[in-house]
Amino acid sequence: MNEILKEVLDGIEINKDLSEGPFLIDGCNTLPKLFSKRCSELGEKVAHREKHLGIWKSFSWIDYYENVRLIALGLYSLGLRRGNTVSIISEGRKEWIYTDLATQCMGAICSGVYTTDSAQQLLFQLSNSESSFLFLDTDEQLDKFLSVYSEVQNIKKVIVFDRKNLANFYHDKVIFLDELYDIGKAYLVSSKDLFENEIQKSKADDVAIMVYTSGTTGEPKGAMITQENLLYAGSAQKHLIRFFPSDELFCFLPLCHIYERTTSGLNPIVNKTTVNFAENIETIFENLQEVSPMYFAGVPRIYEKIYSNFNLALSEATNFSQWAYFFALKVAEKKVQFQLENRSVPVMTNFIYSIFDYFVFKNLRRMIGFDRVTKAVTGAAPISPELLEWYLAIGVPIVEGYGMTETTALMTVNTPNDNHVGTVGKLYPGCQVRIAEDGEIQFTSASVFKGYYNNKDLTSQAFTNDGWFKTGDQGVMDGKYLKITGRLKDIIITAGGKNISPAEIENSLKFSKYISDAIVVGDLKKYLTALILIDQENVEKYAQENKIHYSDFNSLCNAQEIKKLIDNEVQKVNDKVARVEQIKKYRLIDVLLTAEDDEMTATMKIKRGVLEKNYKTMIDSMYN
């Protein structure tokens with residue numbers, strides 16, 4: 001094996017050459033070892049914060065270590081052994097991360113379950129992963145487990161984080177987190193070195209975590225991510241995106257999703273950063289304003305919602321404020337175009353922009369919680385280039401990246417200083433990509449997963465004969481930059497034989513402040529149609545301003561004036577695309593869809609196949 005060449009980036013020593021392992025961060029080859037090192041060196045510094053009774057409370061790296069150690073020893077005392085699986089079904093909170101690290105430190109595998117999953121979906125994942133322990137946060141999640149309890153085979157104990165609404169509850173399989181801490185404390189008295197000894201046993205090829213795919217293409221599959229995958233991902237990221245110990249992060253996406261897992265679980269340990277946990281999904285935007293993080297990793301739906309909320313607030317502003325904003329935006333858009341085209345921004349444009357940035361955009365960024373952001377990333381789904389350009393115009397340095405569960409959320413990324421909007425950026429060091437004859441993006445690097453748990457057939461189908469991972473996405477290389485053109489399975493072939501990727505059309509529709517989501521259909525049909533979900537708040541505001549009568553969401557969608565409004569938005573998109581790509585007819589889905597519905601994933605991505613099946617009659621009506 002070649003001698004490892006090291007370099008120091010922002011005070012952290014990592015591999016200089018990432019084409020081969022072992023991958024070391026500050027001399028550690030596994031996350032548990034790095035975690036132990038960080039807790040020892042950072043001590044009383046703040047590791048994370050949570051809000052309790054309206055007050056943000058800080059927890060140090062010492063707190064982090066002690067809580068992880070007690071959970072780990074408690075689980076060991078109850079029978080956890082290396083190679084076992086521990087599942088968690090909980091909203092994001094510090095105990096989620098504690099349990100994740102405790103499991104890894106003992107050589108076991110941590111697997112997350114979406115809180116929106118049904119009892120049957122929970123049963124499937126517990127059975128498929130052969131979980132030995134289950135952690136959960138609320139009485140609602142406990143009810144799910146109890147409803148399938150008789151069908152669960154391997155669970156030794158269920159540990160509940162919170163006693164709320166469960167003060168007098170008892171079940172022989174269930175204990176509470178404070179009880180597990182007591183078990184851990186008792187075991188620590190007689191086995192002071194066990195925890196650190198288990199950490200030192202960790203190896204690069206150990207399976208660290210299991211991440212279940214969201215199920216947009218069928219039954220969820222448990223992707224096995226190794227310690228090497230995690231350490232490579234942490235090393236590679238530092239080569240393109242700079243982080244500092246002073247950086248504040250914001251955790252709000254499900255931690256069982258690989259994107260948030262690497263953001264709020266891996267990143268702070270690698271980069272010594274601080275995580276702030278959102279209270280719940282209803283308080284995300286309020287918490288974001290309070291925290292004002294330096295780094296924000298979101299999915300397109302969140303960025304779309306922030307943009308929608310701003311437009312709603314703008315509609316209620318004074319005429320002068322609206323005029324100032326739109327005038328400032330024109331100047332900002334002009335500046336952004338110069339920058340994206342790698343042209344020098346004229347001195348006068350820069351000067352006028354700086355004035356508007358101080359008097360207009362600075363306040364706007366503060367209003368949406370982005371006044372301290374130095375790096376914002378969007379991923380996990382396609383996003384509209386127009387939306388990215390709007391954020392850049394108001395001074396938010398947002399970039400788009402690309403990764404999948406099976407690649408440890410890491411493949412390509414743009415950077416603030418090298419941002420090619422419309423692409424997903426260039427490859428991380430040590431990564432390789434190729435485009436197959438059918439346009440599929442195929443990928444190889446040390447971030448590629450070990451395989452699907454207990455499923456050799458699906459694992460073999462995920463790779464080419466020569467070992468490259470098959471992403472299922474279509475794309476092209478634009479110089480050094482990768483451009484995604486669509487999903488292979490989503491490509492529409494019209495009756496006339498024209499191949500159309502619906503993603504770009506859908507993103508253009510979603511840029512409208514009146515449209516929340518859309519799917520374009522038309523496979524083997526003479527023309528394209530769409531199912532559209534309206535943006536409830538902005539459309540309701542429009543209805544109120546124009547005295548349009550409605551009683552509920554259904555009647556709002558069916559109001560003729562609203563259909564005319566959406567007609568206009570669809571026509572704007574049609575004016576920008578070729579005739580064969582134009583939407584000839586559309587229908588509004590007149591019910592609100594949430595992550596609890598079959599049609600959406602927990603990260604608010606539409607399950608195209610499910611939606612097309614559930615609304616087949618509506619789709620057929622557009623072709624009759």
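Checking Asn287 against Thr283 by side-chain atom types alone, a donor-acceptor pair falls below 3.5 Å. Looking only at atom types and distance, the side chain of Gln571 has a donor-acceptor partner in the side chain of Asp575 under 3.5 Å away. Under 3.5 Å, the side chains of Asp478 and Thr423 contain no donor-acceptor pair of N or O atoms. For the residue pair Asn276 / Glu248, a side-chain donor-acceptor distance below 3.5 Å is found, with atom types taken as modelled. Neither side chain, Glu400 nor Thr378, offers a donor N or O lying under 3.5 Å from an acceptor on the other. Side-chain polar atoms of Lys144 and Gln141 form a donor-acceptor pair below 3.5 angstrom. For the residue pair Glu140/Thr138, the side-chain donor-acceptor check at 3.5 Å is not satisfied. In this structure, a donor-acceptor pair under 3.5 Å is present between the side chains of Ser308 and Asp535.
Taking 4.0 Å as the cut-off between side-chain N and carboxylate O, Glu506 and Arg608 count as a salt-bridged pair. With salt bridges taken as basic N to acidic carboxylate O contacts below 4.0 Å, none links Asp247 and Lys272. Residues Glu333 and Lys330 are not paired through a salt bridge, judged by the lack of any N-O separation under 4.0 Å between the basic side chain and the carboxylate. Under the 4.0 Å criterion applied to side-chain N and carboxylate O atoms, Lys483 and Glu504 are assigned as salt-bridge partners. A salt bridge links Glu50 with Lys94: the distance from a Lys NZ or Arg NE/NH1/NH2 to an Asp or Glu carboxylate oxygen falls below 4.0 Å.
Under the 6.0 Å cut-off for aromatic ring centres, Tyr212 and Tyr114 do not qualify, their centroids lying 6.0 Å or more apart. A centroid separation of less than 6.0 Å is found between the aromatic rings of His48 and Tyr64.
Using cut-offs of 30° and 60° for the angle between ring planes, the Phe252 and Phe296 rings count as parallel.
For Asp357, the salt bridge (charged side-chain N to carboxylate O under 4.0 Å, His left out) test picks out Arg365, with sequence neighbours left out. Glu569 pairs by the salt bridge (charged side-chain N to carboxylate O under 4.0 Å, His left out) definition with Lys572, not counting sequence neighbours.
Taking the ring axis of Tyr307 as reference, the NZ or CZ atom of Lys513 does not stay both within 45° of it and closer than 6.0 Å to the ring centre.
Each of Phe310, Phe361, Tyr303 was checked for a ring pair (Phe, Tyr, Trp, His ring centres under 6.0 Å) with Trp390, and the lone residue meeting it is Phe310.
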Worksheet item: Step by step, would you call Tyr402 with Asp473 a side-chain hydrogen bond (donor to acceptor under 3.5 Å, both in side chains)?
Response: CA-CA 11 Å; Tyr402 174 54; Asp473 290 323; 2.6 Å; yes

Discussion item. Could you go through Glu286 and Lys51, starting from their C-alpha distance and side-chain angles, then the distance that decides it, and tell me whether this counts as salt bridge (Lys or Arg N to Asp or Glu O under 4.0 Å)?
Written reply: CA-CA 12 Å; Glu286 175 188 330; Lys51 197 173 182 183; 3.7 Å; yes

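Residue pairs satisfying the side chain to side chain donor-acceptor pair (under 3.5 Å) criterion with at least one member in residues 546-557, sequence neighbours excluded, are listed as follows: Ser551-Ser555, Asp552-Ser555, Asn554-Asn558, Asn554-Asp590.
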